[in-house]
Amino acid sequence: MADPYSKLVTSRYGRQLANRLGLPTPTPLRRYRPGDPLVSGPVLLGEAEGGRLGKAVSETLREADAEVHRSRDDDAEYAALVFDATGIAGSTELGELHEFFGATIRRVSKCGRLIVLGTPPEEIDDPAERTAQRALEGFVRTAGKELKRGATAQLVHVSRGGERAIDSTLRFLLSSKSAFVSGQVIRVGAAEAPTVDAARPLRDKVALVTGASRGIGAAIAETLARDGAHVVCLDVPAQGEDLAEVANRIGGSTLQLDITAEDAPRQLIEHVEQRHDGLDIVVHNAGITRDKTIGRMSRDQWEAVLRVNLAAQERINTALLADSSPLRSGGRLVGIASISGIAGNVGQANYATSKAGVIGHVQALAPRAAERGVTINAVAPGFIETAMTAAVPLFVREAGRRMNSLSQGGLPVDVAETIAYYADPGSAGVNGNVIRVCGQSLLGA
Ligand code: NAD
């Protein structure tokens, strides 16, 4: 589903013209299809001396039948470069990054992957080691900007004790499920993560997705159903017909409910208790915009956005984390933020406030969720091709699409795949994260 500009510059003459004018030539991103192998070529593994994750990485790659190289082959083109940097204990050792990637980064294949593994700096006491581990971020974010042809770069911070919990994160980042995720720092905490059937990781799980009648919500519902979950699709009664269509297509069920209603948390919980044994995954996707600059925005426009985008999910999550709730241990709560909530956006003070609030909510609840064996995380989408962004004026839309390392907009499925990764039972150590699904947008941090 290429946009008109991408179609033009990937045609033979369009590409020549774009190259001559120095315009971006986006590479069509590879997206996951069931049955695809984890990686489509050899993976080169490297390790700084004293690294603690080599064994776990090898296990994931062995399970996936990947071809693993441990020393550089100058003729190979690599589907992924993975470097365990947890052994780097001081700034003088950072040269090992250059040693490994300097000679190999140009050998990364189309839509290839670069992954660096480190230790969360805030968990390190020794100042020299903490400094060096924090420095990895600058390297990875730059690699994301230098990589070409749809390739991505990520840093994974793995806590001590999280060594056996990184499988789902590696599978997500290596695969084409993370097509539009780049330049991110993902934290995996200490946890015991169960092994799952990678083809149907959500088998026997019950998920609920708000705003599921269209756009990103419909894609989330489809993706969770593909992974084996029964999905309760929720939307306002006015969207009932579209909602039923989505639920029928994926073998799910519907719940017509306005999430801002006074008794919405109780209605939602009653619905689940009457029809299911419990609930495993809740995705707060419903969201609205009422754009106006601050001086022109009415109090109603402000309140409407804050109520739907933030207050409704705060109330529902509070009810779901209470003792009597149907949310089972191993549960997953997911919020949708936005890069507007990170960078701010003209005309969106209400929306950006609500979305920054979603990030705050996730961070505030993560410790309490962990006590119940639950995780809470958020995604922050950048420019995603939906009805919402199709309504943006042409020039603003073009700028939004191109201002990222991959020079294109993402698809609803890219947001959905990131949520499916959070929902995976193997992601037990992934808590309190906010992953941007933005192709490494130039907006924000
Ligand atoms: P959309 O408008 O197509 O869909 C939103 C859905 O939420 C609709 O079906 C709507 O009926 C439902 N909804 C609204 N208010 C509700 C309520 N009170 N109760 C129940 N359901 C309600 O939007 P989308 O583009 O698919 O966006 C989905 C989410 O992603 C939103 O939270 C949005 O803020 C976020 N997001 C989108 C983009 C983008 O580029 N499209 C970027 C960043 C974040």
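All residue numbers in this chain count up from 1 along the given sequence. We count ligands from 1, going down the list as the structure has it; atoms in each ligand are counted the same way.
A side-chain donor from one of Ser354 and Asn309 sits under 3.5 Å from a side-chain acceptor of the other. Looking at Ser441 and Asn404, their side chains never bring a donor and an acceptor atom within 3.5 Å of each other. In summary, the side chains of Arg332 and Ser427 do not present any donor paired with an acceptor at a separation below 3.5 Å, with no hydrogens or angles considered.
Residue Arg307 places no heavy atom under 4.0 Å from ligand 1. Note on ligand 1: Thr210 sits outside its first shell, no heavy atom being nearer than 4.0 Å. In this structure, Ser213 counts as a contact residue of ligand 1, since one of its heavy atoms falls inside 4.0 Å of the ligand. Proximity of Gly382 to ligand 1 is established by a heavy-atom distance of less than 4.0 Å. Distances from ligand 1 to the non-hydrogen atoms of Leu257 include at least one value under 4.0 Å.
Contacts of Ala337 with ligand 1, taken as heavy-atom pairs under 4.0 Å, involve the backbone alone. The proximity of Thr389 to ligand 1, defined as any non-hydrogen pair under 4.0 Å, is limited to the side chain. For Asp258, heavy-atom contacts with ligand 1 shorter than 4.0 Å involve the backbone as well as the side chain. Using a 4.0 Å cut-off between heavy atoms, Ile336 contacts ligand 1 through its side chain alone, with no backbone atom that close. Contacts between Asn285 and ligand 1 below 4.0 angstrom, taking non-hydrogen atoms only, involve backbone and side chain alike.
Between Ile435 and the options Thr418, Ile419, Val415, a side-chain contact (heavy atoms from CB on, under 4.5 Å) holds for only Thr418. When each of Leu243, Asp235, Val232 is checked for a side-chain contact (heavy atoms from CB on, under 4.5 Å) with Leu255, only Val232 meets the rule.
Among all protein heavy atoms, the one lying closest to atom 22 (C) of ligand 1 is Ala286 CB, 3.6 Å. Atom 36 (N) of ligand 1 has Tyr351 OH, 3.5 Å as its closest protein atom, hydrogens excluded (heavy atom only). The protein heavy-atom contact nearest to atom 23 (O) of ligand 1 is Met388 CE, 4.0 Å. Scanning the protein heavy atoms around atom 10 (C) of ligand 1, the nearest turns out to be Asp235 OD1, 3.5 Å. Nearest non-hydrogen protein atom to atom 4 (O) of ligand 1 is Arg214 NE, 3.5 Å. The single protein non-hydrogen atom nearest to atom 37 (C) of ligand 1 is Ile216 CD1, 3.6 Å, given as residue, atom name and distance. Looking from atom 14 (C) of ligand 1 to the surrounding protein, the closest heavy atom is Ile288 CG2, 3.7 Å. Looking only at heavy atoms of the protein, atom 40 (O) of ligand 1 is closest to Ile384 N, 3.1 Å.
For Arg164, the CZ atom is loosely surrounded, since the number of other residues' heavy atoms within 6.0 Å does not exceed 12. Atom CZ of Arg149 has more than 12 neighbouring heavy atoms from other residues, nucleotides or ligands inside a 6.0 Å radius. Within a 6.0 Å sphere centred on CZ of Arg249, other residues, nucleotides and ligands contribute more than 12 heavy atoms. Crowding of Arg200 atom CZ: a count of heavy atoms from other residues, nucleotides or ligands under 6.0 Å exceeding 12. Other residues, nucleotides and ligands place more than 12 heavy atoms under 6.0 Å from the CD atom of Glu303. More than 12 heavy atoms of other residues, nucleotides or ligands sit less than 6.0 Å from atom CG of Asp263.
Every atom of ligand 1 with a heavy atom of Val236 under 4.0 Å away is listed here by number and element: 11 (O), 16 (C), 17 (C), 19 (N), 20 (C), 21 (N), 22 (C). Of all atoms in ligand 1, numbered sequentially from 1 with element shown, those under 4.0 Å from a heavy atom of Gln239 are 11 (O). Near Gly215, meaning under 4.0 Å from one of its heavy atoms, ligand 1 places the atoms 26 (O). For ligand 1, the atoms lying closer than 4.0 Å to a non-hydrogen atom of Ser338 are 43 (C), 44 (C).
Heavy-atom proximity to atom 7 (O) of ligand 1, evaluated over Gly211, Ala219, Gly217, is greatest for Gly211. Counting heavy atoms only, Ile259 comes closest to atom 19 (N) of ligand 1 of the residues Ile259, Ile220, Leu234. Taking all heavy atoms of Ala391, Pro381, Gly410, Ala238 into account, the minimum distance to atom 43 (C) of ligand 1 is reached by Pro381.
Between the side chain of Gln239 and the main chain of Val236, no donor-acceptor pair closer than 3.5 Å is present. Side chain of Gln154 to main chain of Val181: a donor-acceptor pair is present (N/O by atom type, distance under 3.5 Å, no hydrogens or angles).
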Inset, instruction - Could you check Asp280 against Arg328 for salt bridge (Lys or Arg N to Asp or Glu O under 4.0 Å), going step by step and ending with a plain yes or no? - result: CA-CA 6 Å; Asp280 302 288; Arg328 290 191 269 237; 2.9 Å; yes
Legend entry - Thr60 and Asp167: CA distance, side-chain angles, deciding distance, side chain to side chain donor-acceptor pair (under 3.5 Å) verdict: CA-CA 6 Å; Thr60 293; Asp167 179 62; 2.6 Å; yes
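Where the criterion is an N or O separation shorter than 3.5 Å, residue side chain and backbone included, Thr386 meets it with respect to ligand 1.
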